[in-house]
Asks: 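This is the structure I have questions about; it appears just below.
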Amino acid sequence: MAAVETSSTANLSAEYDYVVVGGGTSGLVIASRLTENKDVRVLVLEAGANRVGDPKISIQGLAAALYFDPDYDWCITTEPQVGLNDRRLAQPLGKTLGGSSAINLGMVIYPSRSGFDTWDKLGNPGWGWETMESYFRKFHTFSEPQSKLKKELMLDYLNAAQGTDGPIHISYGSEEGYPPFAQAWPRAWSALCKPIDGDPISGTATGAFNNAATIHPTTRERSHAGNTYFSDSTARRPNLRVVTEAFVEKILLSQRNDGINKLRATGVTFSTKNGQRRQVTATREVILAAGAVKSPQLLELSGIGNKSVLAKYKIDCLVDNSNIGENLQDHGFVPFSWEVADPMTSGDQMRNPSVVEAAIEAYQQAKAGPLSVNALASAFFPLQDQDLVPVSVDQLLSELGQTEVEPKALREQICTPGDCSAQFTLAPFQLNPFPGDSPSQIFGLGADGFYASIVAVLNHPFSRGSVHIQSADPRSSPIVDPRAMSNPLDLELHARHVLLLEKIRDTSPLRELFKEGGRRLHNDGQRVETLSQAKEAVKNGYTPHYHVCGTAAMLPRESGGVVDSKLRVYGVDGLRIVDASVFPLIPRGNIQSSVYAVAERAADIIKSGE
């Protein structure tokens with residue numbers, strides 16, 4: 001699919017019904033759904049370029065090469081993390097049409113039922129699993145794998161209702177091209193007595209599985225918001241205008257003239273790629289869909305935020321809400337990488353230019369080979385098996401006691417049967433954060449030899465970070481401080497997840513795929529066998545999962561909220577937020593599916609006039 005011309009502002013109207021700030025994962029969902037009504041006029045402003053059709057995006061297996069490339073990524077780096085030995089962390093964020101859905105690794109992982117039920121319990125009626133379940137099907141079309149692949153990857157669990165007519169295509173890609181690790185992964189977990197116990201889309205499954213990905217079943221191209229929700233047919237709608245390389249600088253706010261002391265969002269100012277400053281009016285709503293870093297930044301630049309933060313940069317505070325930019329959450333993962341058995345190679349062979357050339361040729365000519373599949377696999381695991389972990393989450397939390405900032409609802413959620421404190425992911429290539437914290441080092445395949453990795457993910461962190469402006473200049477990056485491991489519960493939980501990694505690696509048939517006595521890239525090449533070693537591995541190896549969310553939380557205002565249960569910003573009429581910043585609690589697993597589902601639900605709310 002060739003990119004539709006979107007960078008021109010020629011014949012741009014002065015006003016639209018809705019102005020959507022951000023043409024990413026959620027923004028394009030909103031625009032597409034609202035313009036199904038031909039009488040509704042929508043403008044989408046996206047700061048990045050339209051790179052639909054760029055092979056670096058369409059070939060999902062090349063995704064990691066996009067991280068910290070300023071043509072595709074905002075290139076955010078965090079503040080030094082005290083809980084991680086003062087390491088700074090890279091935080092890639094999509095800066096292109098399609099947003100992060102155009103640059104992520106494409107894994108389709110579903111959240112837990114209890115996670116969304118907790119959203120409802122926190123004061124958000126209509127956001128529990130009973131309501132949200134259908135939206136996880138609405139956004140996608142699932143293609144069933146053929147019987148041979150189903151048997152090889154142990155996919156018999158695929159028995160729940162999947163999406164049948166949504167824009168995003170989800171599949172297993174090619175029938176060929178999966179590494180031996182994909183077959184060994186679920187079998188090793190079965191040997192550990194943790195086979196998958198249901199279809200993850202049901203919201204209750206635990207155990208190991210080979211997950212599908214956002215890959216078109218025939219073209220094998222990445223299926224993302226930029227080429228689906230903004231498809232050729234959608235792009236031709238006369239009531240939809242998408243402008244890329246349009247940098248929104250401020251939300252325009254005015255005092256209502258009906259006697260009510262409340263502000264109203266009336267439009268935005270933005271600058272074009274040629275440096276022109278433009279203004280456009282929204283007669284109904286401005287909808288922020290700029291993501292969990294950029295949306296709170298734009299609120300603060302517009303005078304909505306913590307009065308003391310805004311005062312530092314001489315910004316008039318029009319709505320004083322100290323919750324804006326707080327509650328930042330992310331999944332962190334710790335990777336261990338082991339040398340594979342001879343004569344087997346791994347994805348590390350992609351550091352050889354001739355191998356890359358051959359893989360691209362196989363992909364382009366036959367839609368086959370390693371670039372035609374998603375070879376990552378997952379597992380959800382609750383810390384409750386005494387044979388594997390000598391302490392349950394419930395017992396651990398009881399022993400550690402209550403912390404001041406710990407939400408009681410989160411404690412209850414992760415102890416719910418069917419939810420899990422840990423996610424594990426198999427990657428048939430090296431992941432190495434230990435020499436440094438830039439994506440080029442983590443994903444750069446820099447160590448000699450061939451490796452495969454297993455990572456431990458903290459599903460439900462208790463730590464909370466923040467994102468705030470550090471300048472009144474809209475083009476200055478905000479200060480991003482995840483405060484990873486600042487809550488002591490996180491280190492205790494995550495260290496115990498990490499302690500399982502060597503055991504998983506040593507379980508047949510995974511064990512036979514690794515070289516006996518082979519090299520390790522973690523812990524100075526030594527096994528991690530004690531809790532203290534595991535804690536050091538967390539501090540030195542913790543890597544953001546690029547699932548940042550929560551910074552404009554959907555909660556009652558007195559409970560830390562920025563938007564209400566209809567996603568309307570407190571204190572401002574005509575202003576709504578629809579992106580991961582509204583998540584009050586981070587869902588388990590990779591959040592891409594949750595962002596799509598939340599955006600679909602938001603579109604229905606807006607269309608209903610709520």
Asks: Between P478 and K294, which heavy-atom pair has the shortest distance, and what is it?
Replies: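 Distance-wise, the nearest heavy atoms are CD-NZ, 4.4 Å.
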Asks: Is the distance between the ring centroids of W189 and F424 under 6.0 Å?
Replies: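 Ring centres of W189 and F424 closer than 6.0 Å.
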Asks: For residues F116 and F136, establish whether the separation of their ring centroids is below 6.0 Å.
Replies: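 Aromatic pair counts; centres sit under 6.0 Å.
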Asks: How far apart are the closest heavy atoms of Q329 and P584, and which atoms are they?
Replies: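 That closest heavy-atom pairing would be NE2-O, 3.2 Å.
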Asks: Under a 4.5 Å cut-off applied to non-hydrogen side-chain atoms, are V40 and Y18 in contact?
Replies: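 In short, these two side chains touch, coming nearer than 4.5 Å.
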Asks: Would you say the side-chain atoms of T425 pair up with the backbone N or O of V455, donor to acceptor, closer than 3.5 Å?
Replies: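 Judged by distance alone, no pair lies under 3.5 Å.
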Asks: Please tell me whether Q91 and T77 have a donor and an acceptor in their side chains that are separated by less than 3.5 angstrom.
Replies: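 Not at all, the side chains of Q91 and T77 share no donor-acceptor pair under 3.5 Å.
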Asks: When S378 is tested against each of N590, N210, N211 for side chain to side chain donor-acceptor pair (under 3.5 Å), which residue passes?
Replies: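 Output: one option passes, namely N211.
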Asks: Would you say L575 and I251 make side-chain contact, with heavy atoms under 4.5 Å?
Replies: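 Counting from C-beta outward, L575 and I251 do come under 4.5 Å.
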Asks: Do the side-chain N and O atoms of D419 and S112 include a donor-acceptor pair separated by under 3.5 angstrom?
Replies: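 Distance-only check passes for D419 and S112.
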Asks: Treating E285 as the side-chain partner and I287 as the backbone partner, does any N or O pair qualify as donor plus acceptor under 3.5 Å?
Replies: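 It does not hold such a pair.
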Asks: What closest approach, in Å, do Q81 and R483 show between heavy atoms, and which atom pair accounts for it?
Replies: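 Distance-wise, the nearest heavy atoms are OE1-N, 2.8 Å.
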Asks: Donor-acceptor pairs under 3.5 Å, side chain of residues 101-109 to any protein atom, not counting sequence neighbours: which ones?
Replies:
unit_1	atom_1	unit_2	atom_2	d
S101	OG	G98	O	2.5
S101	OG	A225	N	3.2
N104	OD1	G106	N	2.9
N104	OD1	R222	NH1	3.1
N104	ND2	S100	O	3.4
N104	ND2	Q592	OE1	3.3

Asks: With a 4.5 Å limit on heavy-atom distance, are the side chains of F381 and N459 in contact?
Replies: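 The answer is no, as the side chains (C-beta and beyond) never meet within the 4.5 Å cut-off.
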Asks: For the side chain of S202 and the backbone of D199, is there at least one donor-acceptor N/O pair under 3.5 Å apart?
Replies: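 Yes, the answer is positive, given that a donor and an acceptor are paired below the 3.5 Å cut-off.
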Asks: Between D564 and L567, is there a donor-acceptor pair closer than 3.5 Å when you use the side chain of the first and the backbone of the second?
Replies: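 Yes, because the side chain of D564 sits within donor-acceptor range (under 3.5 Å) of the backbone of L567.
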Asks: So E610 and R568, salt bridge (Lys or Arg N to Asp or Glu O under 4.0 Å) or not? Walk me through it.
Replies: CA-CA 10 Å; E610 296 181 71; R568 299 170 296 204; over 6 Å; no
Asks: D73 and L66: which non-hydrogen atoms are nearest, and at how many Å?
Replies: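 Shortest heavy-atom separation between D73 and L66 comes out as CB-O, 3.8 Å.
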Asks: Using side-chain hydrogen bond (donor to acceptor under 3.5 Å, both in side chains) as the criterion, list what pairs up with K56, not counting sequence neighbours.
Replies: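 Not a single residue meets the side-chain hydrogen bond (donor to acceptor under 3.5 Å, both in side chains) criterion with K56.
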Asks: How about S114 and Q413: does a side-chain donor come under 3.5 Å of a side-chain acceptor?
Replies: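 Short answer, no.
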Asks: Could you check whether any side-chain N or O of N323 sits under 3.5 Å from a backbone N or O of R557, counting only pairs where one atom can act as donor and the other as acceptor?
Replies: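 Yes, N323 side chain to R557 backbone: donor-acceptor pair under 3.5 Å.
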Asks: Evaluate the criterion salt bridge (Lys or Arg N to Asp or Glu O under 4.0 Å) for residue pair R33 and E600; output intermediate values, then yes/no.
Replies: CA-CA 8 Å; R33 294 306 188 188; E600 286 280 13; 2.8 Å; yes
Asks: Within the side chain of T204, is there an N or O that forms a donor-acceptor pair under 3.5 Å with the backbone of P200?
Replies: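 No.
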Asks: Would a distance-only check, ignoring hydrogens and angles, find a side-chain to backbone donor-acceptor pair under 3.5 Å from S453 to P335?
Replies: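 Looks like no, no N/O pair under 3.5 Å.
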Asks: Compare every heavy atom of L240 with every heavy atom of A31, then report the nearest pair and how far apart it is.
Replies: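 So the minimum-distance heavy-atom pair works out to CB-CD1, 3.9 Å.
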